[in-house]
Every structure is written in C-alpha cells, then in structure tokens.
Undergrad: 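First the structure, which I've put down as structure tokens, then a few questions once you've had a look.
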Amino acid sequence: MSDDPPRTIENGHVGPVVASVVPRFAGPATFARLPRLDEVSDVDVAVVGVPFDSGVSYRPGARFGPAHVRESSRLLRPYNPALDVSPFGRQQVVDAGDIAVNPFSIDEAVRQIEAGSDALLDRAGRLLTIGGDHTIALPLLRSLARRHGPVAVVHFDAHLDTWDTYFGAATTHGTPFRRASEEGLLDLSGCVHVGIRGPLYGAADLTDDVALGFQTVHARELEDLGTRGVVERIRERVRDRPVYVSVDIDVLDPAFAPGTGTPESGGLLSRELLAILRAFAGLRLVGADIVEVAPAYDHAEITGIAAAHAAYELLSAMALSDGA
Ligand SMILES: N=C(N)NCCCC(=O)O
Ligand SMILES: [Zn+2]
Ligand SMILES: [Zn+2]
C-alpha cells in the first residue's frame with residue numbers, strides 16, 4: 001500500500017484521495033478522504049472531531065459521532081453542482097483529527113475544547129466541528145467570540161438548548177446557548193433557532209429564550225414558509241453579522257436521523273436542511289458545528305450520511321463566503 005495516495009489538486013489545494021485509483025472503501029477515514037492537518041502547510045478550514053458525550057440527558061453515544069461521520073463521508077465527491085463550487089478546490093480543507101477530552105469531567109473537557117479550538121484557529125481560518133453532544137458549542141463559541149466578538153448563532157435543532165440546569169449542572173447539552181448568551185458570546189439581535197418542536201417544560205421556556213436573544217422558526221412553520229421563506233427569515237435576522245451555524249442533527253425528522261440521543265417527531269427532511277444550509281454561501285460564516293450523531297442508534301449510516309452531507313454544504317458555503 002502506498003503511503004502517498006493520489007489526491008485531487010485544484011488551485012494548489014490538496015483535496016480528497018482520488019476514488020478512481022484508491023477505492024472509497026479503502027484506507028483510513030478522514031473526513032471526505034481529505035488530507036490530515038500535518039500533511040499540508042496552509043489551511044483555510046479544519047474539520048475537527050470532538051468525541052464528547054458526558055453532557056447528555058437521555059441516550060448516550062455521541063462520543064462516537066466523529067468517527068461515524070468520517071466513515072459516512074467516504075462517498076462525497078469534489079464538485080457541488082447545487083452551488084457550482086468545488087469546496088476543496090476553492091480553499092484548503094483538512095481533517096484535524098479529534099480534540100482529546102476528559103470523559104469524566106465536563107468542566108475539564110470544556111476547557112480542553114476551548115484550548116483545542118484556540119490552537120486550531122492559530123492555523124486555520126475556520127473550523128467545522130463534528131460532535132459530540134451539544135455541550136461542545138459553548139467552549140467553541142468562547143473561542144470564536146475571542147476572535148470575532150459576539151456572533152449571530154443560527155441554531156438548527158429540535159430543542160431550544162437554552163434551558164438553565166439539569167440536576168443542578170449548568171454545563172450540559174440542553175444549556176449551551178443560555179450560558180453563551182449570559183457570557184456575552186452571542187449577538188442578541190442576530191440569533192435564530194430553526195426546527196424547534198416537541199413538548200417543552202413550560203411556556204416560560206419560550207419567553208426565557210427570547211430574552212436570551214433568539215428568534216424561532218418552528219418546525220411546524222416549514223410547510224407554509226418553505227425553505228425559501230426560512231432562508232429569508234434567517235437572512236433578515238443575521239444580515240452582515242459574523243455568523244456561527246450550529247446543526248444538531250436531531251433537527252431532522254427521526255426518519256432521516258434515527259441515530260441521535262433525544263429524537264423528536266415531526267422534523268425537517270434532509271433535503272430541506274441541505275437547501276437551507278446552502279444559503280449561508282452569501283453570509284459571513286465564521287464557523288460551524290454538527291452535533292448529536294449517536295451511531296449506536298443509527299441504521300445503514302442514515303444519520304451519518306445526513307451529517308456528512310450537511311458538513312459538505314457548510315464547507316461549500318464557506319468556500320463562497322468571506323467569514324475567515
Ligand atoms: N441538545 C439536545 N440534543 N437535546 C437537549 C435535550 C435536553 C432535554 O433533555 O430536555
Ligand atoms: Zn436537539
Ligand atoms: Zn441541541
């Protein structure tokens with residue numbers, strides 16, 4: 001076996017291993033079979049895994065998300081016809097591996113994620129992080145806000161994730177955006193949730209959420225608004241602010257993403273999510289994450305493939321936006 005497999009090279013950017021020479025199912029699974037961080041010198045976007053799930057309130061297993069999404073990304077091809085862009089040719093994208101985090105201490109893990117993000121942002125203009133549970137968005141936002149100031153968060157999720165505490169714990173996958181708002185990491189006039197649905201703890205959840213800086217596009221509005229209407233709502237809210245996109249894969253209906261920890265019925269089609277993500281091409285996209293893929297509950301890589309394609313659309317949008 002060659003140590004040096006043939007790769008697509010476009011504009012000097014080193015891309016995926018060529019699938020017609022080394023079949024897709026051979027070799028190690030980096031995201032989209034891209035080079036590792038140590039294999040290139042100048043990096044525009046680093047895809048990085050955060051295998052952490054100690055913040056979950058229900059089914060565990062998102063710690064295996066990064067490896068599963070990489071495995072499920074082997075079939076991605078270099079050209080995106082929907083946006084007429086080669087995401088790995090317009091910019092140098094690499095797989096930076098995983099940030100190693102302590103599974104027994106949420107506080108230490110959160111510090112490690114923030115430090116890991118800081119270190120990577122010294123080398124790469126932007127990060128696309130694969131979780132891991134949604135807890136990881138908090139340290140990622142701390143790291144990002146240090147560079148960009150408060151950011152507009154566009155949050156795709158069935159859940160608000162602006163709850164206060166669980167069992168007295170302030171740092172969990174149900175609380176990252178309340179903490180981020182309290183810490184001044186969010187631009188309170190620019191944040192929006194998309195895909196919210198399902199039972200809440202009480203009506204106050206929604207009023208608290210507004211005070212924390214979020215508008216909401218509920219899943220039940222999708223049918224009437226259509227993806228175009230949702231994109232308009234997002235654009236009106238975000239405008240030219242630096243924007244961070246956080247995709248909890250449970251925003252998709254469980255039919256499209258069974259492999260997740262807190263599934264809720266009545267969610268988005270994967271086609272709808274991908275269409276909406278493409279709209280970030282025109283916005284100031286400074287970073288993104290895809291979280292809550294729990295492979296033990298997945299079948300035939302359904303959830304992994306949806307997450308890999310969401311990542312691909314975000315990388316395509318990054319190639320066409322100036323957020324770095
Ligand atoms: N971030 C995700 N996926 N879920 C949060 C659910 C919090 C709860 O159990 O109420
Ligand atoms: Zn969720
Ligand atoms: Zn979430």
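If you read the sequence from its start, that first residue is 1, and numbering goes on from there. Hydrogens, waters and symmetry mates are skipped; everything else that's a heavy atom, side chains included, is used. Atoms within a ligand are numbered from 1 in the order they appear, just like the ligands themselves.
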Undergrad: Is it true that atom CZ of R228 has more than 12 heavy atoms of other residues, nucleotides or ligands lying nearer than 6.0 Å?
TA: no
Undergrad: Is the charged tip of R63 near the ring of F52: under 6.0 Å from the six-membered ring centre and within 45° of its axis?
TA: no
Undergrad: Looking only at side-chain N and O atoms, does D107 offer a donor or acceptor that is under 3.5 Å from a partner on S105?
TA: no
Undergrad: Please identify which atoms of ligand 1 are closer than 4.0 Å to at least one heavy atom of S57.
TA: 6 (C), 7 (C), 8 (C), 9 (O)
Undergrad: Using a strict 4.0 Å cut-off to heavy atoms of T262, name the atoms of ligand 1 that fall inside it.
TA: 2 (C), 3 (N), 4 (N)
Undergrad: Give the C-alpha distance, both sets of side-chain angles, the deciding distance and a yes or no for ring pair (Phe, Tyr, Trp, His ring centres under 6.0 Å) between Y166 and H173.
TA: CA-CA 9 Å; Y166 286 82; H173 79 152; 7.1 Å; no
Undergrad: Would you say D42 and H13 are linked by a side-chain donor-acceptor pair, where the criterion is simply a distance under 3.5 Å?
TA: no
Undergrad: Select one of side chain, backbone, both or neither to describe which atoms of Y166 lie under 4.0 Å from any atom of ligand 1, heavy atoms only.
TA: side chain
Undergrad: List every atom of ligand 1 that sits less than 4.0 Å from any heavy atom of D250, numbering the atoms from 1 in the order shown and giving each element.
TA: 2 (C), 3 (N)
Undergrad: Will you find, in the side chains of N80 and E313, an N or O donor that is under 3.5 Å from an N or O acceptor?
TA: yes
Undergrad: Can you find a heavy atom in the side chain of V151 that is under 4.5 Å from one in the side chain of V243?
TA: no
Undergrad: Would you check whether W163 has a nitrogen or oxygen atom less than 3.5 angstrom from a nitrogen or oxygen atom of ligand 1?
TA: no
Undergrad: Would you please say whether a donor-acceptor pair under 3.5 Å links the side chains of S189 and R241?
TA: yes
Undergrad: Taking distance alone, with N or O pairs closer than 3.5 Å, would you say Y201 contacts ligand 1?
TA: yes
Undergrad: In ligand 1, which numbered atoms sit nearer than 4.0 Å to a non-hydrogen atom of E292?
TA: 1 (N), 2 (C), 3 (N)
Undergrad: If only side-chain N and O atoms count, and only distance matters, is there a donor-acceptor pair under 3.5 Å linking D298 with H68?
TA: yes
Undergrad: Would you kindly say whether S321 and R126 are connected by a side-chain donor-acceptor distance under 3.5 Å?
TA: yes
Undergrad: Report, as a single number, the protein N, O or S atoms less than 2.8 Å from the Zn ion (ligand 2).
TA: 5
Undergrad: How far is atom 5 (C) of ligand 1 from its nearest protein heavy atom, and which residue and atom is that?
TA: D161 OD1, 3.3 Å
Undergrad: Considering only heavy atoms, does H159 approach ligand 1 within less than 4.0 Å through its side chain, its backbone, both, or neither?
TA: side chain
Undergrad: Within the 3.5 Å criterion, strictly below it, is a donor on D248 or H155 matched to an acceptor on the partner's side chain?
TA: no
Undergrad: Specify side chain, backbone, both or neither for V291, according to which of its non-hydrogen atoms lie closer than 4.0 Å to ligand 1.
TA: neither
